[in-house]
Trainee: 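Starting off with a structure, shown below.
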Amino acid sequence: MKFGIVVFPGSNCDHDVYHVVGHVLGETAVFLWHKDHDLQDVDAVVLPGGFSYGDYLRAGAIARLSPIMTEVHEFAGQGGLVLGICNGFQVLTEIGLLPGALIPNTTMKFECKPVGLQVAETETPYTSGYQKHQIVRMPIAHGEGRFYADEATLDLLEESNRVIFRYVDEHGEPTESANPNGSQRNIAGICNAERNVLGLMPHPERASEALLGLEDGIAVFKSMIQERLTV
């Protein structure tokens, strides 16, 4: 499988994703420069974490205007897999591929720590390798990770099973104390209606090796590979 990793000025998790895909899983990975218009025939696009364009204006606001995002938008519209991690999730909401917005954490601080997550849905190309309601741990690293949407949008996400990851405690409960940024309904990740676009604030690429002490994130990438094999 061939993964394309978009690189914006300010991206800092692009090489992390490349390492997991190329070195840990042995798949093909290429970098896609933000000024390019060629997706190089990739099977999946990853928008990595970081601070694209310095997060000026607001996180992801300038990145959505990058030349390559025209191709990414078209790729997603044709059913291509698009994964947005942290800053990538912010970009996906800015470009309209996912609803809602990511706004400053209620703590008004940069939060960087492992958190508990519940895999709320497994019928996606990104979570088929998990068990439904499985509790996993992945790290977060963001200052604007609070998911916000109006009540109608939140209800629609819930009713259509598009909330894919949720912040929970060790018992699997979506408590206030388990919510690191104040996200509405403890939402940590969502997908689009077609289920081929996923955005999440936690970093699965930073939880993909035993050496790092966390391996729960590797199933996101393994699920994507399996999806490609079954197409």
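The structure displayed is predicted, hence computed values, not measured ones. Heavy-atom basis, side chains included; hydrogens, waters and symmetry copies ignored.
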Trainee: Only distances under 3.5 Å count here; give the side-chain donor-acceptor pairs of residues 68-86 to other protein atoms, sequence neighbours excluded, each with its distance to 0.1 Å.
Mentor:
residue, atom, partner, partner atom, Å
Glu71, OE1, His37, ND1, 3.0
Glu71, OE2, His37, ND1, 3.4

Trainee: So, for Gly217 and Ser208, which heavy atoms are closest and what is the spacing to 0.1 Å?
Mentor: C-OG, 3.7 Å
Trainee: Assigning hydrophobic clusters by single linkage (Ile, Leu, Val, Met, Phe, Trp, Tyr; side-chain heavy-atom cutoff under 4.5 Å), is Val42 placed with Phe3?
Mentor: yes
Trainee: Is a side-chain donor or acceptor of Glu94 paired with a backbone partner of Arg64 at a separation under 3.5 angstrom?
Mentor: no
Trainee: If we count only N and O atoms by modelled type, under 3.5 Å, do the side chains of Tyr130 and Asp216 hold a donor and an acceptor together?
Mentor: no
Trainee: Rounded to the nearest 0.5 Å, what's the gap from NZ on Lys35 to CZ on Phe8? Could you check?
Mentor: 13.5 Å
Trainee: Is there a side-chain contact between Glu209 and Glu215, using heavy atoms and a 4.5 Å cut-off?
Mentor: no
Trainee: State yes or no: do Trp33 and Leu47 share one hydrophobic cluster built from I, L, V, M, F, W and Y residues joined by side-chain heavy-atom distances below 4.5 Å, directly or via other members?
Mentor: yes
Trainee: Determine whether a donor-acceptor pair (N or O, by modelled atom type, separation under 3.5 Å) exists between the side chain of Tyr126 and the backbone of Asn196.
Mentor: yes
Trainee: Tell me if a side-chain donor or acceptor on Gln118 pairs with a main-chain N or O of Phe165 at a distance below 3.5 Å.
Mentor: no
Trainee: Using only heavy-atom distances, determine whether the side chains of Gln40 and Asp38 contain a donor-acceptor pair under 3.5 Å.
Mentor: no
Trainee: When you check the gap from the basic side-chain N to the acidic O, do Arg195 and Glu227 get nearer than 4.0 Å?
Mentor: no
Trainee: Quick one: does Leu117's side chain get under 4.5 Å of Pro202's, heavy atoms only?
Mentor: yes
Trainee: Consider only side-chain N and O atoms of Asp14 and Ser11, and report whether a donor and an acceptor are under 3.5 Å apart.
Mentor: no
Trainee: Would the distance check show the side chain of Ser183 and the main-chain N or O of Asn179 forming a donor-acceptor pair, the cut-off being under 3.5 Å?
Mentor: no
Trainee: Could you tell me whether the side chain of Thr28 and the main chain of Lys2 form a donor-acceptor pair under 3.5 Å?
Mentor: no
Trainee: With Pro180, which of Lys113, Arg146, Met201 fulfils side chain to side chain contact (heavy atoms under 4.5 Å, CB included)?
Mentor: Lys113
Trainee: Please lay out, stage by stage, how Val168 and Asn186 fare under the test side-chain contact (heavy atoms from CB on, under 4.5 Å).
Mentor: CA-CA 8 Å; Val168 296; Asn186 283 51; 5.8 Å; no
Trainee: What do the steps show when you test Leu200 against Ile164 for side-chain contact (heavy atoms from CB on, under 4.5 Å), and what is the final call?
Mentor: CA-CA 9 Å; Leu200 74 164; Ile164 309 303; over 6 Å; no
Trainee: Roughly how far apart are Ile103 CD1 and Phe147 CZ, rounded to 0.5 Å?
Mentor: 10.0 Å
Trainee: Apply side-chain contact (heavy atoms from CB on, under 4.5 Å) to the pair Leu198 and Leu92, showing each step before the final yes or no.
Mentor: CA-CA 9 Å; Leu198 173 71; Leu92 289 175; over 6 Å; no
Trainee: For residues Arg206 and Cys13, determine if any side-chain heavy atom of one lies less than 4.5 Å from a side-chain heavy atom of the other.
Mentor: yes
Trainee: Under 3.5 Å, is there a donor-acceptor pair between the side chain of Asp55 and the main chain of Arg58?
Mentor: no
Trainee: Would you say that Ser128 contacts Lys222 through its side chain, given a criterion of any heavy-atom pair below 4.5 Å between the two side chains?
Mentor: no
Trainee: Could you check Val17 against His15 for side-chain contact (heavy atoms from CB on, under 4.5 Å), going step by step and ending with a plain yes or no?
Mentor: CA-CA 5 Å; Val17 175; His15 283 269; over 6 Å; no
Trainee: Below 30° counts as parallel, above 60° as perpendicular, anything between as tilted: where do the rings of His23 and Tyr18 land?
Mentor: perpendicular
Trainee: Where is the tightest heavy-atom contact between Ala29 and Val21, given as atom of each residue plus distance?
Mentor: CB-CG1, 3.9 Å
Trainee: Is the closest side-chain heavy-atom distance between Val163 and Glu121 below 4.5 Å?
Mentor: no
Trainee: Mind listing the closest non-hydrogen atom pair of Ala188 and Tyr167 along with its distance?
Mentor: CB-CZ, 3.4 Å
Trainee: Taking all non-hydrogen atoms of both residues, which atom of Asn181 and which atom of Gly145 are closest, and how far apart?
Mentor: ND2-O, 3.1 Å
Trainee: Out of curiosity, does Tyr148 fall in the hydrophobic cluster containing Val91 (side-chain heavy atoms, cut-off under 4.5 Å, transitive links)?
Mentor: no
Trainee: Below 30° counts as parallel, above 60° as perpendicular, anything between as tilted: where do the rings of His34 and Tyr53 land?
Mentor: perpendicular
Trainee: Using side-chain heavy atoms (C-beta onward) and a distance below 4.5 Å, is Glu176 in contact with Asp169?
Mentor: no
Trainee: Run the numbers on Arg185 and Glu151 for salt bridge (charged side-chain N to carboxylate O under 4.0 Å, His left out), then give the verdict.
Mentor: CA-CA 10 Å; Arg185 305 190 188 184; Glu151 288 299 314; 2.8 Å; yes
Trainee: Do Gln90 and His142 have side-chain atoms, one donor and one acceptor, less than 3.5 Å apart?
Mentor: no
Trainee: Using 0.5 Å steps for rounding, measure from the CE atom of Met224 to the OG1 atom of Thr127.
Mentor: 11.5 Å
Trainee: Give the minimum heavy-atom separation between Ala120 and Lys132, together with the two atoms involved.
Mentor: O-CE, 3.3 Å
Trainee: Using every non-hydrogen atom in the two residues, find where Pro204 and Val220 come nearest and quote the distance to one decimal.
Mentor: CB-CG2, 4.0 Å
Trainee: Indicate yes or no for a side-chain donor-acceptor contact from Ser52 to the backbone of Ala63 under 3.5 Å, with no hydrogens or angles considered.
Mentor: no
Trainee: Ignoring hydrogens and angles, tell me if any N or O in the side chain of Arg166 forms a donor-acceptor pair with the backbone of Val119 under 3.5 Å.
Mentor: no
Trainee: What I'd like to find out is whether the side chain of Ile5 reaches to under 4.5 Å of the side chain of Val30, using heavy atoms alone.
Mentor: no
Trainee: Would you confirm whether Asp16, through its side chain, and Glu205, through its main-chain N or O, come within 3.5 Å as a donor-acceptor pair?
Mentor: no
Trainee: Is there a donor-acceptor pair under 3.5 Å between the side chain of Asn192 and the backbone N or O of Leu97?
Mentor: no
Trainee: Report yes or no: do Phe51 and Phe31 belong to one cluster of Ile/Leu/Val/Met/Phe/Trp/Tyr joined by side chain heavy-atom distances under 4.5 Å?
Mentor: no
Trainee: Whether the His171 and Glu173 side chains hold a donor-acceptor pair (N or O, under 3.5 Å, no angle test) is what I'd like checked.
Mentor: no
Trainee: Is any side-chain heavy atom of Phe89 less than 4.5 Å from a side-chain heavy atom of Ile190?
Mentor: yes
Trainee: Same cluster for Leu214 and Ile218 if Ile/Leu/Val/Met/Phe/Trp/Tyr side chains link at under 4.5 Å?
Mentor: no
